[in-house]
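The structure appears right after this line, and notes come after that.
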Amino acid sequence: MEKIIDVKHLSKSFGENVVLRDINFSVHKGEVVCIIGSSGSGKSTLLRCVNLLETPSGGEIIYKGENILDDKHNVYKYRQKLGMVFQQFNLFNNFNVLKNCTIGPMKLLKRSKEEAEAIAMKYLKLVGMEQFINAKPRQLSGGQKQRVAIARALSMEPDVMLFDEPTSALDPEMVGEVLKVMKELANSGLTMLVVTHEMDFAKEVSDRVVFMDQGVIAEEGPPEQIFNNPHQERTKEFLKRILRR
Amino acid sequence: MSFEWIIRIATENWPLFLRGAGITLLIAIIGTIIGAFIGLVIGVIRTIPEPERGLKKILLKVTNFILACYIEFFRGTPMMVQAMVIYYGSALAFGVDIDKLWAAIIIVSINTGAYMAEIVRGGIISIDKGQFEAAHAIGMNHFQTMTTIVLPQAIRNILPATGNEFIINIKDTSVLNVIAVSELFFTTNSIAGSNFRYFEAFSIACLLYLVMTFTVTRILRYMERKLDGPETYTMNQMQV
């Protein structure tokens, strides 16, 4: 299978504080990879390094055969190929729902208004928000905002979708509606990299699970291995802690 | 009776009063607009994230230093003094006698610019970091992020403070009488001087200032509501 993103020896430190050490992993086309681990294990930082919201301190990120950390590589063009969904939604507050989904395609991909709106409507329907196109973000609930955020990212028709704890800021009753959308996306063959605390989601949907602990990848494998038969002591302890809750 | 004098002065001199008020409003409007524009440019420059290395970093540092000097100087000295220095100074230094009205507009503009620069900077840094990140994440560069996402929100947020500046400008043009611009204060002073009815003449000026500031306040409130858009939204029933 074709590797879309290949991370090699990636490291990241904030001053003295080393957050990521020698990370190696890759995402293949059509694959759903979940990154799990306790808070502070570096999983969000890893995701943010992948789309360069954080500048890695060392290593390589190979995207379709090219190292995007090369100075000559166009960061902005690269980011257009990655859809990002944030924990805090981060919808553009000055635009309504539809414009949130069309501003990127129109401004960056130079699509016509009609074309961009048609694509946006397709994805807004997919997430069940097509009735709310005239609403401003402040008029929506958390779950609705997150579904629009997913549609906004999809409207750029990216190669990979990155999710940074997309349900962590939601009320428990809204988690379900967002996970449902994400499951549909995963089943549709979209390439996804998901940082999550939702173990059931990771177990059910992912092709591969990456367990991170203290800035390194402690264990990586199919969900059956990680959840039912973890090889590493650290993984066992983490699962014991989190599943007891 | 002073009330009768007020009526009399008003009926005899109303074209002069209106002209004075007009000049005051003109200086305040143009000064605020140019000042807001200066402030916007400086505010945007001062919030550019520092490049990690190279010539750009040095260039930005030097620019920021110059801008900081500008802000400190014009916020730190009275506009009345600035007016004297700029008006008489330009005559002395370059031998040019700039038109008084233009001098007044220039002084108000650069003075407002200094205040607005800080207001704009405050408006920009008050925008949630997530808005920048979301814009960067879909592939916008710094300029696109600023113009499409951040500034529209920042400008909405600083509108009340900008309105404040406008009102202050309407009132503070009165200090420009020191360079003999025929704005409302200067006009009133000459009207009063001709009949020694200072209380009556300035009561009229007082009322005119109040009418101007009050009107501006209402207009700005209306603009704010307009920018906020409707409180509710309509459901889309259309099948696309």
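Naming convention: chains lettered A, B, ... in sequence-line order (proteins, then strands); numbering from 1 in each chain.
Few gaps surround CZ on B:Arg156; more than 12 heavy atoms of other groups in view lie less than 6.0 Å from it. Under a cut-off of 6.0 angstrom, the local environment of NZ in A:Lys29 is sparse, with at most 12 non-hydrogen atoms contributed by other residues, nucleotides or ligands. Annotation: A:Phe14, atom CZ; neighbour count of heavy atoms from other residues, nucleotides and ligands within 6.0 Å is above 12.
Contact detail for A:Phe86 and B:Ala134: the closest heavy-atom pair is CE1-CA, 3.6 Å. Closest of all the heavy-atom pairs between A:Asn94 and B:Gln153 is OD1-NE2, 3.2 Å.
Contacts between A:Leu52 and chain B at a heavy-atom distance below 4.5 Å are absent for every atom of the residue. For A:Lys77, no part lies near chain B; criterion is any non-hydrogen pair under 4.5 Å. Contacts between A:Gln88 and chain B at a heavy-atom distance below 4.5 Å are absent for every atom of the residue. With a threshold of 4.5 angstrom between heavy atoms, B:Asp128 approaches chain A through side-chain atoms but not through N, CA, C or O. Heavy atoms of A:Asn51 lying under 4.5 Å from chain B belong exclusively to its side chain. Neither the backbone nor the side chain of A:Tyr78 comes within contact range of chain B; no heavy atom of the residue lies under 4.5 Å from a heavy atom of that chain.
Top candidate by heavy-atom pairs under 4.5 Å with chain B, chosen from A:Lys81, A:Lys122, A:Arg138, is A:Arg138. The candidate from B:Gly139, B:Pro152, B:Ala135 with the greatest count of non-hydrogen atom pairs under 4.5 Å with chain A is B:Gly139. When A:Arg48, A:Arg79, A:Lys136, A:Met156 are compared by the number of non-hydrogen pairs under 4.5 Å with chain B, A:Arg79 comes out ahead. When each of A:Leu53, A:Asn134, A:Asn93 is scored by its heavy-atom pairs under 4.5 Å with chain B, the top score falls to A:Asn93.
The shortest distance between side-chain heavy atoms of B:Tyr233 and A:Val97 does not fall below 4.5 Å.
Contacts with chain B (heavy atom to heavy atom, under 4.5 Å) involve these residues of residues 100-111 of chain A, listed by number: A:Ile103, A:Gly104, A:Lys107, A:Leu108.
Side-chain contact, B:Asn236 with A:Gln131: no donor N or O sits under 3.5 Å from an acceptor N or O.
Put simply, OH on A:Tyr76 and NE2 on B:His136 are 6.5 Å apart, with the number rounded to the nearest 0.5 Å.
Put simply, the residue from B:Ile138, B:Thr148, B:Val150 that forms a side-chain contact (heavy atoms from CB on, under 4.5 Å) with A:Phe92 is B:Ile138.
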